[in-house]
Amino acid sequence: MAKINFGGVEEDVVTRDEFPMEKAKEVLKNETIAIIGYGVQGPGQALNLRDNGFNVIVGQRKNSKTWDKAIADGWVPGKTLFEIEEAADKGTIIQFLLSDAGQITLFPVIQPYLTPGKTLYFSHGFGITFKEQTGIIPTKDIDVILVAPKGSGTSLRRLFLAGKGLNSSFAIFQDATGKARNTAIALGIGVGSGYLFETNFKMEVYSDLTGERGTLMGAIQGIFAAQYEVLRKNGHSPSEAFNETVEELTQSLMPLVAENGMDWMYANCSTTAQRGALDWWKKFKDATLPVFNDLYNSVKDGKESQRSIDLNSQPDYREKLEVELKELRESEMWQAGAAVRKLRPENK
């Protein structure tokens with residue numbers, strides 16, 4: 001592992017230099033990797049592993065949209081695409097990539113196939129960390145590991161096809177065989193990670209749930225909506241309000257932050273923008289810090305996981321979800337966004 005200095009704090013990380021693809025293939029040369037679930041993370045991880053030369057099969061229900069999607073992606077029924085039970089039986093490594101609610105439902109189905117010496121792989125610490133709520137309790141004679149790409153399965157696949165990587169965390173919950181660590185790292189390299197940093201299942205899910213509800217999705221949408229509303233109330237047009245709230249951030253500034261950091265972006269913008277950003281960022285931090293503390297405590301106490309389980313397992317969940325998504329989709333801000341995206345030169 002390489003020691004990297006992160007803002008004065010040293011961490012051990014795994015890069016492709018010290019754990020190249022050839023080594024990953026050697027570690028997993030006798031393994032059959034069964035991808036259970038072909039929704040969000042499944043396609044990206046499965047296709048990247050397949051393209052990297054690993055022995056991969058997919059487990060899905062026949063006559064489902066995801067079964068058809070798997071066929072469209074080149075998985076062949078009876079050869080590399082099977083019903084869930086058959087794939088779990090054939091797999092020596094079972095990548096359990098269903099939604100959290102789906103994992104709760106399907107764990108009793110795959111559990112009989114988790115025979116001694118096999119590996120159970122997650123990309124989220126939810127099911128194991130909140131085992132009292134989920135009922136996902138593996139037997140002690142299997143390896144239980146995690147590789148969590150820091151982004152969507154779509155991003156993982158797009159970056160892979162562009163010759164890039166998406167950073168991932170990895171963790172070991174159980175090491176029954178003595179090989180769990182190498183297996184996790186090899187799979188992390190195989191699915192297309194840029195570099196790997198070590199965590200544990202609990203810390204992964206705490207950070208993940210906080211991030212999704214915070215700056216990655218929940219907080220950013222709330223801040224977008226608040227600024228857009230203030231601009232519109234003060235007479236700015238939808239186009240102007242959207243461009244100043246979302247378009248400039250996502251199309252111009254965030255790519256610069258991704259490339260060089262927020263400090264670089266501050267140093268390379270107009271002096272007026274620079275002065276305003278430096279004056280106001282701490283005010284926003286002070287205003288939102290109590291909210292983030294509340295959020296983290298809600299995650300830590302199991303309230304967020306229980307709410308997800310309770311709501312996502314309801315039979316009419318998808319109908320209720322569509323109502324909430326429709327509210328976002330049909331809001332003036334995101335209707336303005338749809339119009340702005342159509343006007344981008346590459347979309348004409």
Side-chain angles (χ1 to χ4, degrees), residues 1-15 19 40-41 45 95-101 103-104 107 119-138 140 142-153 155-156 165-176 180-189 191-220 285 288-309 312:
M1 298 182 79
K3 280 199 175 295
I4 307 294
N5 190 303
F6 292 90
V9 179
E10 277 197 341
E11 282 188 42
D12 290 326
V13 302
V14 181
T15 70
F19 208 107
V40 178
Q41 278 291 334
Q45 293 199 33
Q95 293 197 190
F96 205 31
L97 299 180
L98 296 154
S99 67
D100 295 322
Q103 288 182 12
I104 294 170
F107 186 70
T119 298
L120 179 60
Y121 166 113
F122 294 88
S123 282
H124 192 18
F126 190 102
I128 294 291
T129 300
F130 302 112
K131 58 183 180 296
E132 292 84 2
Q133 297 170 344
T134 65
I136 297 176
I137 304 174
K140 298 293 185 182
I142 65 170
D143 291 348
V144 181
I145 63 174
L146 173 148
V147 174
K150 298 296 104 181
S152 70
S155 298
L156 183 72
L166 189 64
N167 300 331
S168 301
S169 61
F170 76 97
I172 314 303
F173 181 72
Q174 284 183 186
D175 186 5
R181 185 180 184 81
N182 263 2
T183 299
I185 294 172
L187 287 166
I189 296 297
V191 301
S193 300
Y195 75 87
L196 293 152
F197 60 95
E198 192 164 6
T199 186
N200 59 53
F201 275 62
K202 182 182 290 186
M203 297 303 279
E204 191 283 330
V205 73
Y206 285 3
S207 61
D208 191 71
L209 293 185
T210 299
E212 290 168 349
R213 287 151 179 76
T215 58
L216 302 179
M217 296 175 69
I220 198 70
K285 178 188 173 184
T288 59
L289 188 58
V291 180
F292 279 99
N293 280 323
D294 287 346
L295 167 56
Y296 192 85
N297 288 332
S298 186
V299 170
K300 188 176 176 181
D301 293 343
K303 293 176 183 175
E304 294 302 306
S305 55
Q306 191 60 57
R307 177 170 170 78
S308 292
I309 292 168
N312 296 353

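Keep in mind that this is a model prediction, so the values were computed, not measured.
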Just jot down the ring-ring contact (aromatic ring centres under 6.0 Å, His included) partners of Phe130, sequence neighbours excluded, or say none. Phe126

Minimum heavy-atom separation for Val147 and Pro149, please, with both atom names. O-CD, 3.4 Å

Least distance between heavy atoms, Leu166 atom then Ser152 atom: CD2-O, 4.1 Å

Identify, with sequence neighbours excluded, every residue that meets side chain to side chain donor-acceptor pair (under 3.5 Å) alongside Thr288. none

Please list every donor-acceptor pair under 3.5 Å in which a side-chain atom of residues 290-303 meets a protein atom from a residue at least two apart or in another chain.
from: Asn293; atom 1: ND2; to: Leu289; atom 2: O; distance (Å): 3.4
from: Asn297; atom 1: ND2; to: Asn293; atom 2: O; distance (Å): 3.2
from: Ser298; atom 1: OG; to: Glu304; atom 2: OE2; distance (Å): 2.7

Contacts under 3.5 angstrom, residues 5-15 side chains, donor-acceptor by atom type, not counting sequence neighbours:
from: Asn5; atom 1: OD1; to: Gly8; atom 2: N; distance (Å): 2.6
from: Asp12; atom 1: OD1; to: Lys3; atom 2: NZ; distance (Å): 3.0
from: Thr15; atom 1: OG1; to: Asp17; atom 2: N; distance (Å): 3.3
from: Thr15; atom 1: OG1; to: Glu18; atom 2: OE1; distance (Å): 2.4

Gln45: which residues meet the side chain to side chain donor-acceptor pair (under 3.5 Å) condition with it, sequence neighbours left out? Gln41, Gln95, Tyr121, Ser123

Verdict with reasoning, Lys150 to Ser168, per side-chain contact (heavy atoms from CB on, under 4.5 Å): CA-CA 5 Å; Lys150 298 296 104 181; Ser168 301; 5.8 Å; no

Enter the distance from Leu187:CG to Phe170:CZ here, rounded to the nearest 0.5 Å. 12.0 Å

Could you check Thr119 against Ile145 for side-chain contact (heavy atoms from CB on, under 4.5 Å), going step by step and ending with a plain yes or no? CA-CA 7 Å; Thr119 298; Ile145 63 174; 3.7 Å; yes

Test item: Thr134 side-chain N/O and Ile136 main-chain N/O as donor-acceptor pair under 3.5 Å: yes

Minimum heavy-atom separation for Ser193 to Gly188, with atom names? OG-O, 2.7 Å

With sequence neighbours excluded, residues passing side chain to side chain donor-acceptor pair (under 3.5 Å) with Gln133: Ser305, Gln306

Distance in Å, Ile142 CD1 paired with Asp175 CG, rounded so as to fall on 0.5 Å steps: 12.0 Å

What one should report as the nearest heavy-atom pair of Phe107 and Gly135 is CD2-O, 4.0 Å

Using the side-chain hydrogen bond (donor to acceptor under 3.5 Å, both in side chains) rule, collect all pairs that involve residues 198-209, keeping only residues at least two apart or in two chains. His124-Glu204, Arg181-Glu198

Ser308: what forms a side chain to side chain donor-acceptor pair (under 3.5 Å) with it, not counting sequence neighbours? Arg213

Shortest non-hydrogen pair, Ala176 vs Asp143, comes out as N-OD1, 2.6 Å

Kindly indicate whether the side chain of Leu146, heavy atoms from C-beta on, has any atom under 4.5 Å from the side chain of Ser169. yes

Which residues satisfy the ring-ring contact (aromatic ring centres under 6.0 Å, His included) test with Phe173, sequence neighbours excluded? Phe201

Determine the interplanar angle of the Phe122 and Phe96 rings, folded into 0 to 90°, and report it as parallel if under 30°, tilted if 30 to 60°, perpendicular if over 60°. perpendicular

Check whether any side-chain heavy atom of Ile128 sits under 4.5 Å from a side-chain heavy atom of Ile137, and report yes or no. no

